[in-house]
Amino acid sequence: MLHVDMDAFYASVMIRDRPELHDVPVVVGGGHRGVVLSANYPARRFGIRSGMSGVEAHRLCPDAVTLPPDFTLLTPVSKAIMETFRTVTPVVEVTSLDEAFLDVRGAGRLFGSPEAIAERLRSRIRAEHGITCSVGIAATVSVAKLGSRLAKPDGVRVIPPDRFVAEVHPLDVGVLYGVGEATRQRLHRLGLVTVGDVAAIEPDQLRRMLGGHLGAHLHTLVWGTDRSELRPGGAGVFGFGEGEPEGSMGSQHTLAVDLTDRARLHRELLRLASRVTARVRGAGRVGRTVALTVRFSDFTTVNRSRTLAEPTDVTQEVYDTAVALLDALLDAMAPRRPSVRLLGVRVEGLRRVRDGDSRQLALGERDPGWPDADRAVDQAADRFGSSAVRRASLLTAADSAPRPPGWPVQAIR
DNA sequence: TCTGGGGTCCTAGGACCC
DNA sequence: TCTGGGGTCCTAGGACCC
């Protein structure tokens, strides 16, 4: 099993063709109210890490160059790299734009040892894309993942089963794939600091201490015996695979300023619902549950959801449901008028559209016009770009400027 | 001028049915 | 009249990942 992880992927790709930025600190993401997505190694020398707030990064290194992520650049590079992986094995589990697990057990005859395969992939990626990556080699997913982390940057680390205890048991439990900050704190409070400390606990006791699933899972992690079979295709980073879905699609946005005004919040919900349902339709899916996320200024976050009688991909239905959920939430909090920092809309319980769905969707008590309006919006977006068509209620003053001939009409309601 | 946006999975309680 | 389990669906929250 190989885990291949690009080094500072977003930053590396964004500055690849800009040599003047190679040796200066570069931060991708961050900015106004955002967090750092990626930082190159010069920036990391100042203590900048991904996940940190943009403000914090700026404090650590005011001279760093900040770039927004350009997915028209990043996505093709990612896809090409994943295709390179598939030249050595068909069993590739893609977990994000910049990392994947490879089952190379069947590739030995053609390509040699896992170490040889790792070096082969690393040199191809360096030659074809001008970026480096790190590889972990082990028997299971979590150990391979740990290996690539320990190998960074630009290295390879093998952790064979017979060296697992010696190499991993002395480390902090937080290094394990699946042990985040909350679980790490919980274990530390129980006096379990290293991986070895947790390994010394009987599985039954671990389950009693932490709950059935987490206890059992943790026991496999501390002995390096978690899963060794991959799920080819992965988590649908580039869209769904062929299997029946389950799953969800959502969109959320931190507002430029916190808002209390309902009309403006509703407008934001319309923007989010439009974006989400366009993706749902584009994937040929419908979903039954609409979920709303609201983060308030004090950073408390609540979720409200409603399951519809029939699955939908109709913008108006998702929007109406999200508005109802938000209004009910805010009404329940009255007379306080909490200010909202972030809104999110998600469609859950997705499944593939079946024959006859579209007719069903257009009948019954539903407004028959909306699916047609959605289709028109999708077609115009295909031709002119997603910013070409918006509800009139989302137009700003700048949008009323004259348009070039042939530019599509914008108003739908 | 603290703390993004895209997801998955698990837990737990209540409703409802058998 | 009281007592009971199991299963499924829905909702809310939380942990985790990149």
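Letters go in sequence order (proteins before strands), and every chain restarts at 1.
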Letter per nucleotide, 5' to 3', of nucleotides 12-18 of chain C [B base touched, S only sugar-phosphate touched, - untouched; heavy atoms, 4.0 Å] | SS-SSSS

Should C/dC2 be called syn or anti, with syn set as within 90° of 0?
->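 The base of C/dC2 is oriented anti (glycosidic angle more than 90° from 0).
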
State the dot-bracket string of DNA chain C. Criteria: Watson-Crick or G-U wobble, both atom distances under 3.5 angstrom; notation: ( ) intrastrand, [ ] crossing earlier pairs, | interstrand, . unpaired.
-> ....||||||||||||||

Just jot down the side-chain contact (heavy atoms from CB on, under 4.5 Å) partners of [X], sequence neighbours excluded, or say none.
| X | answer |
| --- | --- |
| A/Arg295 | A/Phe299, A/Thr301, A/Arg341, A/Leu342 |
| A/Ala43 | A/Pro25, A/Val27, A/Ala39, A/Asn40, A/Ile48 |
| A/Leu210 | A/Arg186, A/Leu187, A/Leu190, A/Leu206, A/Leu214, A/Leu218 |

Hey, can you pull the residues of [range] with a non-hydrogen atom under 4.0 angstrom from DNA chain B?
| range | result |
| --- | --- |
| residues 60-71 of chain A | none |
| residues 31-54 of chain A | A/His32, A/Arg33, A/Gly34, A/Val35, A/Leu37, A/Ser53 |
| residues 204-212 of chain A | none |

For residues 154-175 of chain A, tabulate all N or O donor-acceptor pairs below 3.5 Å that involve a side-chain atom, not counting sequence neighbours.
unit_1, atom_1, unit_2, atom_2, d
A/Asp154, OD1, A/Arg122, NH1, 3.0
A/Arg157, NH2, A/Glu167, OE1, 3.0
A/Arg163, NE, A/Glu167, OE2, 2.6
A/His169, NE2, A/Val222, O, 2.8
A/Asp172, OD1, A/Gly174, N, 2.7
A/Asp172, OD1, A/Arg184, NE, 3.0
A/Asp172, OD2, A/Arg184, NH2, 3.4
A/Asp172, OD2, A/His188, NE2, 3.2

Distance, P atom - from B/dT1 to B/dG5, rounded to whole angstrom =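 So the two P atoms sit 15 Å from each other.
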
When you compare C/dC16 with B/dG4, how far apart are their C1' atoms, in angstrom units rounded to a whole number?
->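 These two C1' atoms come out 16 Å apart once rounded.
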
Per-pair distances, 0.1 Å, donor-acceptor, side chain in residues 99-108 of chain A, under 3.5 Å, sequence neighbours excluded:
unit_1, atom_1, unit_2, atom_2, d
A/Glu99, OE1, A/Lys145, NZ, 3.4
A/Glu99, OE2, A/His3, NE2, 2.9
A/Glu99, OE2, A/Thr95, OG1, 3.4
A/Glu99, OE2, A/Lys145, NZ, 2.9
A/Asp103, OD1, A/Arg105, N, 3.0
A/Asp103, OD1, A/Arg105, NE, 3.1
A/Asp103, OD2, A/Arg105, NE, 3.3
A/Asp103, OD2, A/Arg105, NH2, 2.7
A/Arg105, NH2, A/Glu229, OE1, 3.4
A/Arg105, NH2, A/Glu229, OE2, 3.3

How is A/Arg186 classified with respect to the nucleic acid when contacts are heavy atoms under 4.0 Å: base, sugar-phosphate, or nothing?
->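 Answer is nothing: A/Arg186 stays at 4.0 Å or more from every strand.
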
Using a 4.0 Å heavy-atom cut-off across all strands, classify A/Glu56 as base, sugar-phosphate, or nothing.
->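 Nothing, no heavy atom under 4.0 Å.
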
Cut-off 3.5 Å, no hydrogens considered: what does the side-chain donor-acceptor table look like for residues 16-24 of chain A, sequence neighbours left out?
unit_1, atom_1, unit_2, atom_2, d
A/Arg16, NH1, A/His129, O, 3.1
A/His22, NE2, A/Ile15, O, 2.9
A/His22, NE2, A/Arg16, O, 3.3

Could you go through residues 58-65 of chain A and list every donor-acceptor pair under 3.5 Å that involves a side-chain atom there, pairing it with any protein atom two or more places apart or in another chain?
unit_1, atom_1, unit_2, atom_2, d
A/Arg59, NE, A/Glu56, OE1, 3.4
A/Arg59, NH2, A/Glu56, OE1, 3.3
A/Arg59, NH2, A/Glu56, OE2, 3.2

A/Arg149 bridged to A/Asp5 by N-O distance under 4.0 Å |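 Salt bridge between A/Arg149 and A/Asp5, a charged N being under 4.0 Å from a carboxylate O: no.
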
